[in-house]
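First up is the structure itself, then whatever we jot down about it.
Here is how names work: the chains are called A, B, and so on, in the same order as the sequence lines, proteins then strands, and each is numbered from 1. Excluded from the calculations below are hydrogen atoms, water molecules and symmetry mates; all remaining heavy atoms, backbone and side chain alike, are included.
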Amino acid sequence: MFNSLSEKLESAFKNLRGEARINDLNVANTVKDIRRALIDADVNFKIAKEFTDKVKEKAVGEKVINAISPGQLMVKIVKDELTELMGGTEAQFNITGNPAIILIAGLQGSGKTTFTGKLAHYLKTKKGKSPLLVAADIYRPAAIDQLTVLAEQVGVDIYSERENKDAVAIAQNAIKEAKAKNKNVIIIDTAGRLAIDEAMMTEVANIKQAVNPAEILFVVDSMTGQDAVNTAKAFNDRLDFSGVVLTKLDGDTRGGAALSIKYTVNKPIKFVSSGEKMDTLDVFYPERMAQRILGM
Amino acid sequence: AGKSTVDEEVLDNLEEALVSADVGIETTVQIIERIEKRVKQDKYVNTAELNNLLQQEIEAILVDAPEQNYKDFDIPEGKKPYVILVVGVNGVGKTTTIGKLAHNYKKAGKQVILGAADTFRAAAVDQLTIWSERVGVSIVKQAMGSDPSAVAYDTVQSAIAKNADVAIIDTAGRLHNKAHLMDELSKIRRVIQKLIPQAPHEVMLVLDGSTGQNAVEQAKQFTATTDVSAISITKLDGTAKGGVVLAIANQFKIPVKYIGVGEKIDDLIIFDKHEFVDSLFKLG
Ligand SMILES: Nc1nc2c(ncn2[C@@H]2O[C@H](COP(=O)(O)OP(=O)(O)OP(=O)(O)O)[C@@H](O)[C@H]2O)c(=O)[nH]1
Ligand SMILES: Nc1nc2c(ncn2[C@@H]2O[C@H](COP(=O)(O)OP(=O)(O)OP(=O)(O)O)[C@@H](O)[C@H]2O)c(=O)[nH]1
Ligand SMILES: [K+]
Ligand SMILES: [Mg+2]
Ligand SMILES: [Mg+2]
């Protein structure tokens with residue numbers, strides 16, 4: 001749909017070279033190209049603006065226009081800024097507590113249940129843990145069956161109550177079960193919900209309050225567009241989540257939502273999910289994500 | 001409000017509104033250029049008139065669904081059973097949309113059969129089975145892991161045998177950049193065509209309303225593989241606007257037929273251009 005950004009910038013600067021005077025205005029035009037590229041990658045409109053304004057200052061400061069290869073330098077500045085923004089301090093994953101309690105939340109269809117299975121697989125095979133999955137989605141048709149199948153695939157136990165219509169009670173009961181069965185991690189899969197659904201947001205906030213999780217992970221589809229900011233903010237306001245999970249990165253989305261979310265709520269992206277199989281889970285590499293957003 | 005003429009600031013605000021609704025830069029710029037041109041032509045335009053212009057320009061981009069009584073959930077003459085193949089990437093709302101569609105067809109007095117051709121995703125068949133029970137229509141299914149095109153074939157065959165009006169086939173979510181999964185859809189089509197050469201009569205691409213610019217690529221790849229004939233946009237009960245369908249309509253000329261506004265059986269609405277465009281500019 002569009003040239004890769006570095007190509008575009010390189011040619012923009014090539015054109016500039018012929019000009020007698022290279023000035024701030026030229027940088028401003030290039031910055032506009034970068035802004036568009038970010039918006040094309042689904043970075044939030046306002047954030048793209050703020051971000052590129054910052055980059056512009058840097059670029060002028062570093063005298064990009066006098067560089068041998070200004071396009072490349074410009075892209076490097078952008079990439080480094082993006083990387084720093086999305087990375088920050090090393091994200092730890094907290095599995096303290098016995099059992100350690102992990103709460104999963106997010107919009108409908110974002111990949112929560114699949115991630116729940118994957119996380120169990122990861123904790124079991126990489127961390128030697130003994131997880132218990134908790135089916136706290138009491139709404140979606142066959143949600144319990146879905147989690148049951150995944151638990152079987154991964155070889156872990158699941159806790160569910162088919163007749164119970166109280167997600168909070170199910171989560172609480174699961175903790176007792178975990179203690180009785182010597183499970184040291186419990187992962188609570190919740191129903192998908194919209195941030196504006198007051199009753200449902202209250203439910204998940206109540207689960208949080210009742211079980212006091214070590215980690216609350218907000219699961220978000222990497223294909224999400226401009227609305228990522230609103231959703232992340234609303235979930236964070238209610239849950240003060242501890243980390244973000246980006247899913248479906250095996251697609252070809254540029255994934256600008258990752259930047260928007262980090263920028264808005266400043267919570268670390270702790271995992272990325274890239275497939276439907278249980279072993280397609282990875283930790284997050286900010287630099288890779290920066291390159292992806294820039295189409296590099 | 002407050003502004004009486006269309007100036008730079010008004011156009012900037014317009015750009016922000018469109019981009020924030022996921023319309024995308026390219027289509028947004030196109031729309032703004034057209035508005036600018038018309039504003040120049042008409043010399044003096046106030047903001048109220050601008051809203052009208054805008055509404056017109058954007059509605060012009062959206063394609064009309066072909067002449068067909070889909071509003072009454074009637075089936076076109078001579079197309080019985082009317083076969084609908086539902087496709088899309090993972091988690092967009094295909095299965096749920098099928099449940100709602102079946103409900104609407106049934107309400108319109110049609111006999112409906114569902115086909116559970118997602119034999120891959122955990123409990124996908126169970127999920128569609130619950131929907132079939134909820135709606136009160138029959139379902140054709142096989143064991144998990146079986147060949148989806150065999151299920152599709154069975155479904156159409158059963159629809160013919162039972163003299164059903166509509167057969168709706170669910171497929172597994174697949175990312176459009178996975179060639180082998182996309183090939184599977186071509187195979188499903190080929191197999192159905194052994195029974196009814198013109199089938200599927202409708203290929204419904206389901207898009208998640210919260211998806212950004214990647215939906216354009218989805219439309220492109222699914223259209224290339226399956227000749228998408230209609231779009232449903234789901235999850236418009238949230239704060240996302242689904243503006244990317246403007247870009248899609250602009251590029252691929254595919255009509256939007258339905259929108260999903262919830263998880264319940266009645267939460268399917270027939271797409272209305274005017275309301276949709278209106279909602280693009282509503283706050284929240
Ligand atoms: N390709 C791909 N598909 C994924 C990934 N994660 C999840 N999925 C698929 O996305 C769809 C939705 O995933 P679920 O795990 O059911 O999502 P959910 O958030 O639990 O959905 P609800 O419970 O309905 O809100 C399923 O088809 C999954 O197989 C991923 O990383 N890559
Ligand atoms: N709020 C809202 N949720 C919806 C809507 N349509 C579907 N959902 C929810 O989105 C989630 C995914 O829906 P599915 O119908 O399972 O999606 P799918 O495309 O069949 O998913 P896969 O088969 O896994 O690819 C479920 O939790 C649905 O209840 C809608 O219009 N609004
Ligand atoms: K989604
Ligand atoms: Mg789920
Ligand atoms: Mg499905």
Tell me if the [atom1] atom of [X] is crowded by more than 12 foreign heavy atoms within 6.0 Å.
X	atom1	value
B:Lys273	NZ	yes
B:Lys253	NZ	yes
B:Lys178	NZ	yes

- Task: Quick one: which of B:Thr96, B:Asn177, B:Thr234 has the most heavy-atom pairs under 4.5 Å with chain A, could you say?
- Result: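 Of B:Thr96, B:Asn177, B:Thr234, B:Asn177 has the most heavy-atom pairs under 4.5 Å with chain A.
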
- Under a 4.5 Å heavy-atom cutoff, which of B:Val244, B:Asp237, B:Asp22 has the most pairs with chain A?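 Highest number of pairs under 4.5 Å: B:Asp22.
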
Side-chain heavy atoms of [X] within contact of [Y], under 4.5 Å:
X	Y	value
B:Gln221	A:Asp252	no
A:Lys248	B:Asn214	no
A:Glu276	B:Arg121	yes

- Task: Mind ranking A:Leu194, A:Val149, A:Ile144, A:Asp197 by heavy-atom pairs under 4.5 Å with chain B and telling me who comes out on top?
- Result: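 The answer is A:Leu194.
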
- Message: Tell me which of these, A:Asp250, A:Thr114, A:Ile196, has more heavy-atom pairs under 4.5 Å with chain B than the rest.
- Response: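 It is A:Asp250.
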
[atom1]/[X] to [atom2]/[Y] distance, rounded to the nearest 0.5 angstrom?
X	Y	atom1	atom2	result
B:Lys235	A:Gln108	NZ	CD	6.5 Å
B:Leu18	A:Phe45	CG	CZ	9.5 Å
A:Asp145	B:Thr129	CG	OG1	9.5 Å
A:Thr253	B:Leu175	OG1	CG	10.0 Å

- Query: Knowing that exactly one of B:Gln218, B:Glu217, B:Gln213 qualifies, which makes a side chain to side chain contact (heavy atoms under 4.5 Å, CB included) with A:Met223?
  - Reply: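 By the side chain to side chain contact (heavy atoms under 4.5 Å, CB included) criterion, A:Met223 pairs with just one of B:Gln218, B:Glu217, B:Gln213: B:Gln218.
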
- B:Val23 portion near chain A, given a 4.5 angstrom heavy-atom threshold: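 Neither part, no heavy atoms under 4.5 Å.
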
- chain A contact via B:Glu263 - which portion, at a heavy-atom distance below 4.5 Å: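 The side chain, not the backbone.
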
So which heavy atom on [X] is nearest to which on [Y], and how close?
X	Y	value
B:Ala122	A:Leu150	CB-CD2, 3.9 Å
A:Gln226	B:Ser20	CB-O, 3.3 Å
A:Pro141	B:Ile130	CB-CG2, 3.8 Å

- Under 4.5 Å from any heavy atom of chain B - which part of A:Lys49: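 No part of it gets close to chain B.
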
- Would you please say whether a donor-acceptor pair under 3.5 Å links the side chains of A:Asp227 and B:Ser210?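 No, no side-chain donor-acceptor contact under 3.5 Å.
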
